Amino acid sequence: MTLGVTCAASAAWAGAAAGMPVSFAVSGNAFKVSASRLEGDGFMQYASVKADRAGKNSPVAVTAIRSASLQDLCQSVVTPTPLGPVTLRVEAGEESPVRIDDLVIDLESMRGEITFSDLELGRDAADSRVPSAAGPPGAYSQQASRLVIRDLRQQTSSMTAGMFHLSGMHLAVKIGRHECF
């Protein structure tokens with residue numbers, strides 16, 4: 001089962017890199033993502049609840065960006081195995097940016113320096129700047145036409161993308177904890 005989680009994460013990254021929308025059951029393992037800079041067009045975010053495969057509900061901030069580019073992307077997940085913790089780590093975008101379209105993240109926490117353009121707080125989540133991530137009618141959301149995040153650090157339970165181009169991608173699986181941050 002542990003290796004299955006790792007393989008599922010790899011399949012999600014591979015599918016996204018190939019430009020295919022990815023849908024999957026949430027494993028319950030959070031993963032970390034960092035980038036030195038994210039620039040995005042079309043942003044929206046609202047609070048929701050996500051159930052994992054075991055039926056456990058957890059609060060998330062559904063966060064969507066219509067199109068984004070990232071510098072120095074790192075994604076890591078640590079999985080318990082009979083060998084001890086094993087880290088699956090993906091790095092990309094060191095020389096040319098990672099490009100993503102129709103990004104939707106179930107965000108658990110995030111840090112960074114953020115600048116929004118045309119920010120709207122309290123906009124109905126059903127009236128989304130990112131149609132693929134419209135929320136329930138009447139739900140509070142925050143939306144912006146553009147955002148820039150420096151020194152991004154986030155923990156998330158799931159991610160989907162319509163297109164995910166990983167320039168200069170490197171994937172490594174190592175025994176131990178080798179997280180992005």
Side-chain angles (χ1 to χ4, degrees), residues 1-35 38 40 42-70 73-81 85-93 98-112 125-126 128-136 139-143 147 149 152-166 169 171 173 177-181:
M1 178 179 148
T2 304
L3 291 177
V5 170
T6 303
C7 290
S10 297
W13 274 96
M20 299 179 296
V22 179
S23 179
F24 51 88
V26 176
S27 68
N29 289 4
F31 57 95
K32 293 182 177 182
V33 177
S34 66
L38 177 149
F43 163 83
M44 76 97 56
Q45 186 175 65
Y46 62 92
S48 187
V49 175
K50 189 72 160 191
D52 66 14
R53 185 166 283 232
K56 179 183 172 198
N57 289 321
S58 300
V60 296
V62 176
T63 304
I65 302 173
R66 191 173 46 252
S67 65
S69 65
L70 296 92
L73 174 72
C74 179
Q75 180 266 326
S76 63
V77 63
V78 177
T79 303
T81 74
V86 171
T87 302
L88 170 72
R89 184 171 168 141
V90 175
E91 296 177 354
V98 169
R99 293 188 333 267
I100 308 171
D101 290 335
D102 299 317
L103 175 65
V104 180
I105 302 166
D106 288 333
L107 192 60
E108 294 179 2
S109 66
M110 186 182 84
R111 292 188 323 244
S128 175
R129 290 179 186 259
V130 186
S132 61
Y140 170 94
S141 79
Q142 48 193 30
Q143 302 192 34
L147 79 158
I149 306 174
L152 171 68
R153 304 286 182 266
Q154 71 181 32
Q155 184 166 308
T156 184
S157 58
S158 70
M159 180 198 77
T160 62
M163 188 281 298
F164 203 132
H165 175 78
L166 296 161
M169 190 273 282
L171 181 144
V173 180
R177 300 185 74 84
H178 305 279
E179 296 173 284
C180 298
F181 60 93

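No experiment lies behind these values; they were computed from the predicted model shown.
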Colleague: Considering residues at least two apart in sequence or located in another chain, which fulfil the side chain to side chain contact (heavy atoms under 4.5 Å, CB included) criterion with A126?
Modeller: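 For A126, the residues satisfying side chain to side chain contact (heavy atoms under 4.5 Å, CB included) (neighbours in sequence not counted) are D124, P137.
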Colleague: Tell me, please, which residues at least two apart from F43 pass ring-ring contact (aromatic ring centres under 6.0 Å, His included).
Modeller: F116
Colleague: With rounding to the nearest 0.5 Å, note down the distance linking NE2 in H178 to OG1 in T87.
Modeller: 5.5 Å
Colleague: Distance from L38 atom CG to L73 atom CG, nearest 0.5 Å?
Modeller: 9.5 Å
Colleague: What pairs with E108 under side chain to side chain contact (heavy atoms under 4.5 Å, CB included), at least two apart in sequence or on another chain?
Modeller: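 A30, Q155, S157.
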Colleague: For R177, give me all partners under side chain to side chain donor-acceptor pair (under 3.5 Å), at least two apart in sequence or on another chain.
Modeller: E179
Colleague: Which heavy-atom pair separates Y46 from S141 by the least distance, and what is that distance?
Modeller: CB-CB, 4.0 Å
Colleague: Once rounded to the nearest 0.5 Å, what's the spacing between atom CG of D102 and atom OG1 of T160?
Modeller: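 Between atom CG of D102 and atom OG1 of T160 there are 8.5 Å.
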Colleague: A35 and L70: which non-hydrogen atoms are nearest, and at how many Å?
Modeller: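 Residues A35 and L70, closest heavy atoms: CB-CD2, 3.8 Å.
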Colleague: Got a sec, which residues hit side chain to side chain contact (heavy atoms under 4.5 Å, CB included) with S34, two or more places apart in sequence or on another chain?
Modeller: C74, R153, C180, F181
Colleague: When rounded to the nearest 0.5 angstrom, what is the spacing between CG in L166 and CG in L171?
Modeller: 10.0 Å
Colleague: What residues form a side chain to side chain donor-acceptor pair (under 3.5 Å) with Q45, not counting sequence neighbours?
Modeller: T63, Q142
Colleague: Is the closest side-chain donor-acceptor distance between Q154 and T156 under 3.5 Å?
Modeller: no
Colleague: Starting at CG of D106, measure out to OG of S48 and round the result to the nearest 0.5 Å.
Modeller: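 Rounded to the nearest 0.5 Å, the CG-OG separation comes out at 7.5 Å.
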Colleague: Please round to the nearest 0.5 Å and tell me the distance separating atom CD1 of I65 and atom OG of S67.
Modeller: 9.0 Å
Colleague: Once side chain to side chain donor-acceptor pair (under 3.5 Å) is applied, do any residues pair with R89, and if so which ones, sequence neighbours excluded?
Modeller: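 For R89, the residues satisfying side chain to side chain donor-acceptor pair (under 3.5 Å) (neighbours in sequence not counted) are E91.
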Colleague: Mind jotting down which residue pairs meet the ring-ring contact (aromatic ring centres under 6.0 Å, His included) criterion with at least one end in residues 51-70? Sequence neighbours excluded, please.
Modeller: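 Qualifying pairs, neighbours excluded: none.
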Colleague: Which residues pass the side chain to side chain contact (heavy atoms under 4.5 Å, CB included) test with A64, not counting sequence neighbours?
Modeller: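 M44, V104, V130, A133.
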Colleague: So T79 and L88, do their side chains get closer than 4.5 Å, heavy atoms only?
Modeller: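 Sidechains of T79 and L88: no contact.
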